[in-house]
Amino acid sequence: MTTTTEIKFSDSAQQQVQEILNQYPADKSKSALLPLLHLAQAEFDGWLSAPVMDYVASILNIQPIEVYEVASFYSMFNLKPVGKYLIEVCQTSSCWMNGSEDIVRYLERTIQAETGQISPDGMFQIKTVECLGSCGTAPMFQIGDKFYENLTFEKIDTILDDLRKENKRSRYV
Amino acid sequence: MSKKLLLTYDHIPGINTLEVYRQNNGYKSLEKALKTMKPDDIVEEVKKSGLRGRGGAGFPTGMKWSFLAKPEGVPRHLVCNADESEPGTFKDRYLMERIPHLLIEGMIVSSYALGANTSYIYVRGEYFYIIKILQNAIKEAYAAGLLGKNILGSGYDLDLYVQPGGGAYICGEETALLESLEGKRGNPRLKPPFPAVAGLWGRPTVVNNVETIAAVVPIVNGGGDEYAKIGIGKSTGTKLISASGHINKPGVYEIELGVPVEEFIYSDEYCGGIRNGKKLKAVVAGGSSVPILPTELILKTAKGEPRLMSYESLSDGGFATGTMLGSGGFIAMDEDTSIVKNLFTFARFYHHESCGQCSPCREGTGWMEKILKKFIDGKATMSDIDLLWDVQSKIEGKTICPLGEAAAWPVAAAIRHFRHEFEEYVKNPQSIHDVKHYFRLNNLVEA
């Protein structure tokens with residue numbers, strides 16, 4: 001017999017779900033979809049599997065397709081498993097002018113994985129992203145809810161070392 | 001020193017807390033509004049101030065407010081647009097991070113003016129740490145009776161919530177933002193009806209940028225007439241400028257509208273000149289969407305007058321020789337910058353961010369990125385320049401929302417003012433590799 005792990009929010013997340021739902025009129029609860037997807041991604045290993053999205057649909061009493069079409073539209077929702085730390089490197093204009101291409105190459109060499117691939121130790125994954133509003137402190141990347149700015153190679157070494165020690169999945173929420 | 005209305009107290013330690021904010025004139029405009037003014041009085045002051053939307057479009061805020069429909073028994077909403085995503089723009093992030101209560105005070109006063117009892121601040125999802133700052137500030141405001149029922153004993157009720165986005169530039173367009181706030185894909189709506197009539201959940205709604213709402217605080221405190229005395233002509237008040245690129249002092253500056261562009265770039269009060277003693281090559285003055293201008297046209301208009309940081313002066317000469325103030329995302333490029341390569345980063349951005357609803361934008365942004373990639377790869381021909389021009393000209397004016405224009409304008413302007421650079425890459429494909437793209441890292445990693 002095969003067992004499937006039940007998909008269910010932790011108690012503290014359930015409490016957050018209730019707080020989120022209280023922000024809208026009772027008949028407009030679909031507005032909670034984006035906040036709930038962020039919460040689900042944080043709760044379930046940093047990505048949204050189909051069963052997780054179905055679970056969110058059941059909470060809001062909407063069709064699963066209404067969740068899929070939204071999750072696939074927004075760039076922050078990952079529809080595939082990701083490294084423990086997702087390194088989102090800005091590559092637009094001011095960041096490019098200040099060396100974002102070098103940042104990406106240095107990261108790829110350091111974590112031993114190309115952009116988009118999970119590093120062999122499962123710890124890191126590089127994702128190139130568009131402008132994160134950090135143009136005055138370029139180059140930069142974001143990991144979870146944290147912005148790392150005015151990057152240099154030395155700074156990157158320290159950041160990655162610290163994260164390896166911390167060893168806790170990055171999250172926005 | 002330039003006149004400051006928003007960033008007066010941003011460097012005071014603890015200004016992000018309610019206590020310190022109140023010690024520095026915080027929530028004075030709310031007391032004044034609730035105790036001495038009727039909602040329409042506030043709308044009148046905002047009209048008199050000449051305040052224009054600070055998100056990029058520059059539409060008069062008072063007029064936008066006066067369009068709000070007020071049918072009996074239908075709730076109205078104020079939604080703050082904090083989906084700051086225009087490349088080169090980071091002023092709202094600065095304001096919310098440093099002085100979150102300024103935005104919250106502006107939200108309460110503006111909600112009161114519009115008769116809204118539930119308001120939202122829609123923040124781009126990537127700014128989650130800002131969302132946490134705002135939520136803490138809102139919690140403080142509730143505890144102090146500045147939000148919730150019967151605010152300051154006035155009988156006015158307001159609930160204020162923060163909504164995260166999911167990573168989509170298009171949600172900065174107000175109807176896409178409302179779709180997103182309703183839990184849908186961020187596809188802009190056909191207009192009319194405008195949000196003032198049918199906005200959030202079909203209810204009358206005003207959507208304003210963070211800086212616009214924050215500016216309501218000094219307008220109520222000092223009066224609309226006083227605000228209108230600051231600035232130049234129809235560009236009244238102050239503006240937050242996000243300065244980045246190859247300048248000595250990147251950052252957010254509050255300027256009195258009308259400061260000469262040359263002073264803004266070279267004065268130590270602002271950008272402090274171009275790094276490493278290099279010469280200025282070009283400027284994108286108002287965020288990635290606005291036309292790029294070469295040095296001679298950004299410092300002086302075609303008529304030879306000094307170009308000023310104002311809505312009118314920056315657009316002097318139309319798109320042939322001028323640009324726009326836009327969101328105030330000011331990107332300066334030094335003499336070594338490849339205009340074509342920078343443009344490629346913009347084209348990639350717009351292709352990535354097109355919502356896909358309208359064919360000219362969905363297909364056109366993809367083609368522009370592809371053609372520009374040919375230049376970067378040294379595979380372009382002369383006819384590709386004309387093809388690129390042709391594609392951009394077929395997007396403008398043919399889409400539901402302005403993302404199409406925003407994608408087309410930078411391409412058109414780059415060809416208009418820097419055609420020789422495109423031609424050079426065709427004649428000498430190797431030359432793009434010779435361009436020094438890097439400032440800080442000095443190209444340390446071998447390819």
Side-chain angles (χ1 to χ4, degrees), chain A residues 20 22-25 27-38 60 62 66-67 69-77 88 91-103 105-106 109 129-139 142 144-147 150-153 171-173, chain B residues 75 84-90 92-93 118 120 124-129 131-132 159 161 163-169 180-186 201 242-246 250-252 284 288 329 331 333 337 341-342 345-346 348-349 352-353 355 437-445 447:
Chain A
I20 291 167
N22 288 341
Q23 301 187 351
Y24 322 101
D27 61 336
K28 310 292 182 199
S29 61
K30 191 178 169 179
S31 282
L33 183 50
L34 269 73
L36 289 197
L37 286 176
H38 280 301
L60 294 177
I62 56 179
E66 295 178 77
V67 180
E69 66 173 9
V70 164
S72 61
F73 183 85
Y74 296 94
S75 61
M76 290 175 77
F77 300 124
E88 302 183 74
Q91 56 175 354
T92 320
S93 193
S94 299
C95 273
W96 162 73
M97 277 185 233
N98 284 294
S100 65
E101 290 180 342
D102 282 347
I103 294 289
R105 272 184 289 210
Y106 186 76
R109 204 171 69 178
V129 297
E130 299 299 343
C131 188
L132 290 178
S134 198
C135 324
T137 37
Q142 171 172 29
D145 71 344
K146 227 172 149 185
F147 279 33
N150 293 312
L151 290 172
T152 60
F153 297 147
R171 49 191 284 167
Y172 303 114
V173 186
Chain B
E84 181 171 66
S85 312
E86 172 93 356
T89 316
F90 46 99
D92 295 339
R93 173 184 163 209
T118 309
Y120 296 90
R124 68 178 297 186
E126 293 90 339
Y127 286 0
F128 248 110
Y129 82 97
I131 292 176
K132 291 165 193 173
D159 283 314
Y161 303 110
Q163 176 86 356
Y169 168 72
S180 182
L181 185 42
E182 291 181 6
K184 301 176 199 157
R185 296 165 73 94
W201 305 311
S242 320
S244 71
H246 298 129
V252 175
V284 172
S288 58
I331 310 171
M333 300 170 199
T337 311
K341 187 78 197 275
N342 179 67
T345 76
F346 285 159
R348 181 178 57 200
F349 171 84
H352 185 259
E353 301 301 337
C355 81
H437 298 131
Y438 313 104
F439 168 69
R440 231 173 259 170
L441 301 165
N442 212 12
N443 217 357
L444 287 173
V445 189

Examine whether an atom of [X] lies under 4.5 Å from a heavy atom of chain A, and if so say whether it belongs to the side chain, the backbone or both; otherwise answer neither.
X	result
B/E84	neither
B/Y120	side chain
B/R93	side chain
B/R348	both
B/S180	both

(request) Run the numbers on A/Q142 and A/S134 for side-chain contact (heavy atoms from CB on, under 4.5 Å), then give the verdict. (result) CA-CA 10 Å; A/Q142 171 172 29; A/S134 198; over 6 Å; no
Per-residue contact mode, [X] against chain B (heavy atom under 4.5 angstrom):
X	result
A/N22	backbone
A/S29	neither
A/V173	both
A/Y24	both

Look at [options] and state which one has the largest set of heavy-atom pairs under 4.5 Å with chain A.
options	answer
B/P75, B/G329, B/S85, B/G165	B/G165
B/Y127, B/F346, B/Y129, B/W201	B/W201
B/E86, B/E353, B/M333, B/K184	B/K184
B/P87, B/A168, B/A243	B/P87

(message) Within the structure provided, determine whether B/S244 and B/F90 are in side-chain contact (heavy-atom separation under 4.5 Å).
(response) yes
(message) Within the structure provided, determine whether B/Q163 and A/Q23 are in side-chain contact (heavy-atom separation under 4.5 Å).
(response) yes
(request) Mind telling me whether A/F153 and A/Y106 have parallel, tilted or perpendicular rings, with 30° and 60° as the class edges? (result) parallel
(request) Given side-chain contact (heavy atoms from CB on, under 4.5 Å), test A/V129 with B/E126 step by step and report yes or no. (result) CA-CA 11 Å; A/V129 297; B/E126 293 90 339; over 6 Å; no
(message) I'd like to verify something: which residue of A/L33, A/L132, A/V67, A/V70 has the highest number of heavy-atom pairs under 4.5 Å with chain B?
(response) A/L132
(request) Apply side chain to side chain donor-acceptor pair (under 3.5 Å) to A/S93 and B/N342, showing your working. (result) CA-CA 6 Å; A/S93 193; B/N342 179 67; 2.7 Å; yes
(request) Report the residues that fulfil side chain to side chain donor-acceptor pair (under 3.5 Å) with B/T89, sequence neighbours left out, ordered by chain and then residue number. (result) B/S327
(request) Could you pull out all residues at least two apart from A/K28 that satisfy side chain to side chain donor-acceptor pair (under 3.5 Å)? (result) none
(message) Can a side-chain donor-acceptor contact be found between A/E130 and A/T92 if the only test is distance below 3.5 angstrom?
(response) yes
